Amino acid sequence: MVRLDKKATRLYVLDTNVLIHDPAALYHFEEHDVVIPMTVLEELDKHKNGIREIAQTARQISRTLSDLTSRFTPDQIQDGIPLPVSHGPSGRLRFLCYTDLKTLDPLVDSPDNRLLAETCRLRDERPDASVILVTKDINLRVKAAALNVPVEDYLNDRAFDDLDAMIEGAKVYAEAGQEGRGLWDRLNVEIDVERTEEGTLYHLSGELPKDWHVGMLVSDSENGAGFEAIVRSLAPRRASLQLLTNYRHHDGVWGVHAHDSRQNFTLNLLMDPEIDLVTIAGNAGTGKTYMTLAAAFQQTLDSKRFERIVFTRAPIPMGEDIGFLPGTEEEKMSPWMGAFHDNMDNLLRDEQHGGSSWSDGATRQLIGSRVQIRSPSFMRGRTLSDTFLIIDEAQNFTPKQLKSLITRAGRNTKLVLLGNVGQIDTPYLTANTCGMAYAVERFRDWPHAGHITLKSVERSRLALAAEELL
């Protein structure tokens with residue numbers, strides 16, 4: 001990273017990929033000026049044709065720039081266009097156009113190298129200001145650093161800090177005897193217990209932890225069942241906690257039982273009629289899909305709360321694409337649904353008789369009539385009512401794509417997002433910028449949403465050895 005001179009004026013030169021990544025990036029630099037070189041406008045013009053999302057985004061940016069420039073004269077545009085902001089001082093939008101631009105020696109003529117040449121020339125012309133190139137292209141950032149050009153990544157849309165890519169959704173306190181202090185020893189609060197038809201409520205008043213939020217798990221142990229509750233309401237000095245149902249032994253969900261506090265909290269979120277959106281993160285083998293399907297069957301086939309189960313995921317390959325797939329929508333999605341079928345088979349296995357009820361014709365027909373496998377590509381425009389909607393591999397969706405899927409929820413629909421930010425297969429997405437992290441952050445304090453990061457792993461000796469040795 002090139003050291004930045006501390007000057008009063010800053011000029012941020014935006015690369016094309018920044019505008020395509022976030023069309024509202026123009027408004028996120030506060031009082032500083034934003035510069036768009038002519039090379040960027042040419043690149044946007046190349047991307048504007050077609051029906052792909054990048055073409056739609058390029059056209060959106062062009063319309064935004066057209067609206068901003070339409071109200072000013074050419075002389076005013078040369079001086080810089082004031083950028084509208086909600087509060088505080090605003091910067092200006094400037095365009096950079098050189099008719100006699102030459103690329104830097106010995107670099108070849110390419111859009112990236114022309115952008116570097118424009119940035120270097122602007123830096124030389126404005127010694128009174130700090131000129132900073134903003135790009136999401138790692139190679140371009142390396143080139144800029146080699147040419148002593150201040151360069152930064154675009155970080156405004158990151159939902160979390162790099163050190164904490166995903167909140168846990170749980171606060172687990174050590175048991176009494178571990179570190180000498182348990183849950184109630186650590187909390188300096190007054191407690192009022194209320195028993196209602198919905199369950200037992202603990203009303204707390206006093207000094208509450210700052211890291212608590214609505215919809216999180218509060219437990220006195222990772223594995224025990226001494227005290228497990230969900231935060232229902234939270235104020236500066238008051239909170240209400242509702243005790244969770246214990247799904248460890250007799251009260252299982254479709255034959256599935258929790259093994260620790262986080263799994264028990266997951267089943268509570270999935271079965272809670274007050275929770276409309278559930279986000280579950282965790283490594284492979286933590287039971288995300290398994291518990292979600294169990295709760296979906298319980299509420300669709302037994303309690304009849306929902307009429308159908310819709311399962312979808314991003315069809316992103318881990319390696320080389322296998323090419324065109326013939327057949328109907330469900331047949332095309334079938335190769336991507338291996339995790340769904342594996343967990344379905346495990347849920348319907350008859351352990352007592354050593355066989356599997358999945359092969360039974362009546363069971364298959366019943367499940368097939370209630371479970372629908374759909375592609376996310378054809379979700380736009382739909383409204384899913386009375387549906388248990390499961391979106392698997394949510395970390396491979398962009399925030400915009402995931403927003404389109406979440407807004408499909410209609411009356412009496414529960415939506416579950418499953419994902420692992422450590423297994424992102426989509427280019428240009430990171431653990432901080434993917435749709436999964438974005439949704440968790442935006443719905444963090446909504447009382448009808450809940451999030452949990454699972455930790456316990458039940459895996460084979462081979463899988464565990466592969467994690468350690470490979």
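The model shown is predicted, which means the values in this text are computed figures rather than measured ones. Numbering starts at 1 and runs along the sequence shown.
Counting only heavy atoms from C-beta outward, the side chains of Arg92 and Leu83 never approach each other to under 4.5 Å. The shortest distance between side-chain heavy atoms of Ile36 and Leu41 falls below 4.5 Å. The shortest side-chain heavy-atom distance between Cys120 and Val149 falls under the 4.5 Å cut-off. With a 4.5 Å cut-off on side-chain heavy atoms, Tyr12 and Leu133 do not count as touching. Inter-residue side-chain proximity for Val134 and Asp15 is flagged as unmet; no heavy-atom pair is nearer than 4.5 Å. Using a 4.5 Å heavy-atom cutoff, the side chains of Gln372 and Phe311 are not in contact. Side-chain contact between Thr279 and Phe443: absent, with no pair of heavy atoms (C-beta onward) separated by less than 4.5 Å. Side-chain contact between Ile280 and Thr292 is present, with at least one heavy-atom pair separated by less than 4.5 Å.
Rounded to the nearest 0.5 angstrom, Met216 CE and Asp211 CG are separated by 6.0 Å. Considering NZ of Lys102 and CG of Asp109, their distance stands at 12.5 Å, rounded to 0.5 Å. Atom CD of Gln395 is separated from atom CG of Asp392 by 8.0 Å, given to the nearest 0.5 angstrom. For the atom pair CG (Leu115) and OG1 (Thr16), the distance works out to 7.0 Å, reported to the nearest 0.5 Å. Going from atom OG1 of Thr312 over to atom CD1 of Ile391 covers 7.0 Å, rounded to the nearest 0.5 Å. Between Arg59 atom CZ and Lys48 atom NZ the span is 9.5 Å, to the nearest 0.5 Å.
Thr9 contributes no side-chain N or O that, together with a main-chain N or O of Ala129, makes up a donor-acceptor pair within less than 3.5 Å. A donor-acceptor distance shorter than 3.5 angstrom exists from the side chain of Thr413 to the backbone of Leu384, with no hydrogens or angles considered. Under a 3.5 Å cut-off, the side chain of Gln298 and the backbone N or O of Ala294 do not form any donor-acceptor pair. Remark: side-chain polar atoms of His451 are paired, donor with acceptor, to backbone N or O of Ile167 under 3.5 angstrom. Distance alone, capped at 3.5 Å, places no donor-acceptor pair between the Gln401 side chain and the Phe397 backbone. Remark: side-chain polar atoms of Thr266 are not paired, donor with acceptor, to backbone N or O of Asn264 under 3.5 angstrom.
A pairwise comparison of heavy atoms in Asp153 and Lys136 identifies OD1-NZ, 3.3 Å as the closest pair. In terms of heavy-atom proximity, Pro84 sits nearest to Leu68 at CD-CD2, 4.1 Å. Nearest heavy atoms, Val278 versus Leu269: CG2-O, 3.7 Å. Contact detail for Glu118 and Pro37: the closest heavy-atom pair is OE1-CB, 3.0 Å. Closest heavy-atom contact between Ala239 and Leu234: CB-CD1, 3.7 Å. Heavy-atom minimum distance, Leu241 versus Ala229: CB-CB, 3.9 Å.
For the residue pair Ser70 and Asp67, no side-chain donor N or O sits within less than 3.5 Å of a side-chain acceptor on the partner. No hydrogens or angles considered: a donor-acceptor pair under 3.5 Å links the side chains of Tyr98 and Glu125. Side-chain contact annotation: Thr300 with Glu307, donor-acceptor N/O pair under 3.5 Å absent. A donor-acceptor contact under 3.5 angstrom links the side chains of Lys143 and Asn113, judged on distance only. Between the side chains of Asp386 and Asn412, a donor-acceptor pair is found at a separation under 3.5 Å. No donor-acceptor contact under 3.5 angstrom links the side chains of Asn139 and Asp137, judged on distance only. Side-chain contact, Gln78 with Gln76: no donor N or O sits under 3.5 Å from an acceptor N or O.
More than 12 heavy-atom neighbours from other residues, nucleotides or ligands sit within 6.0 angstrom of CZ on Arg305.
Relative ring orientation between Tyr173 and Trp212 is described as perpendicular, the plane-to-plane angle rising above 60° on a 0-90° scale split at 30° and 60°. Aromatic ring orientation, Phe29 versus Tyr154: tilted (interplanar angle from 30° to 60°). Ring pair Trp254/Phe297 is tilted by interplanar angle, where 30° to 60° counts as tilted.
Applying the salt bridge (charged side-chain N to carboxylate O under 4.0 Å, His left out) test to Arg71 and every residue at least two apart in sequence or in another chain returns nothing. Shown here are the side-chain contact (heavy atoms from CB on, under 4.5 Å) partners of Thr69, two or more places apart in sequence or in another chain: Ile77, Ile81, Phe95.
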Could you pull out all donor-acceptor pairs under 3.5 Å where a side-chain atom in residues 403-410 meets a protein atom, sequence neighbours excluded?
| unit_1 | atom_1 | unit_2 | atom_2 | d |
| --- | --- | --- | --- | --- |
| Ser404 | OG | Lys400 | O | 3.2 |
| Thr407 | OG1 | Lys403 | O | 3.0 |
| Thr407 | OG1 | Ser404 | O | 2.9 |
| Arg408 | NE | Ser404 | O | 2.9 |
| Arg408 | NH1 | Arg382 | O | 2.7 |

For this session: Just do the side chain to side chain contact (heavy atoms under 4.5 Å, CB included) check on Thr135 and Asn17 with the steps written out, would you?
Result: CA-CA 7 Å; Thr135 177; Asn17 50 46; 3.4 Å; yes
For this session: Tell me, with the steps shown, if Asp272 and Lys414 meet salt bridge (Lys or Arg N to Asp or Glu O under 4.0 Å).
Result: CA-CA 10 Å; Asp272 192 341; Lys414 192 182 190 78; over 6 Å; no
Exercise. So Arg232 and Glu274, salt bridge (Lys or Arg N to Asp or Glu O under 4.0 Å) or not? Walk me through it.
Worked result: CA-CA 10 Å; Arg232 288 298 191 186; Glu274 294 297 322; over 6 Å; no
For this session: Starting from the C-alpha separation in whole Å, work towards a yes-or-no answer on side chain to side chain contact (heavy atoms under 4.5 Å, CB included) for Trp446 and Val214.
Result: CA-CA 7 Å; Trp446 191 49; Val214 176; over 6 Å; no
Exercise. Should Asp260 and Arg262 be marked as a salt bridge (Lys or Arg N to Asp or Glu O under 4.0 Å) after you check the CA-CA gap, both sets of side-chain angles, and the distance that decides it?
Worked result: CA-CA 6 Å; Asp260 59 24; Arg262 295 172 187 269; over 6 Å; no
Exercise. Given Arg94 and Asp33, is the salt bridge (Lys or Arg N to Asp or Glu O under 4.0 Å) satisfied, shown in steps?
Worked result: CA-CA 7 Å; Arg94 303 179 184 275; Asp33 290 357; 3.0 Å; yes
Problem set entry | Leu415/Phe388 under side chain to side chain contact (heavy atoms under 4.5 Å, CB included): CA gap, chis, key distance, verdict | CA-CA 6 Å; Leu415 195 148; Phe388 195 104; over 6 Å; no
For this session: Begin with the C-alpha distance, continue with both residues' side-chain angles, and end with the deciding distance and a verdict on side chain to side chain contact (heavy atoms under 4.5 Å, CB included) for Leu270 and Ile275.
Result: CA-CA 8 Å; Leu270 293 170; Ile275 301 296; over 6 Å; no
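Cation-pi geometry between Arg442 and Tyr438 is met: the NZ or CZ atom falls under 6.0 Å from the ring centre, inside 45° of the normal.
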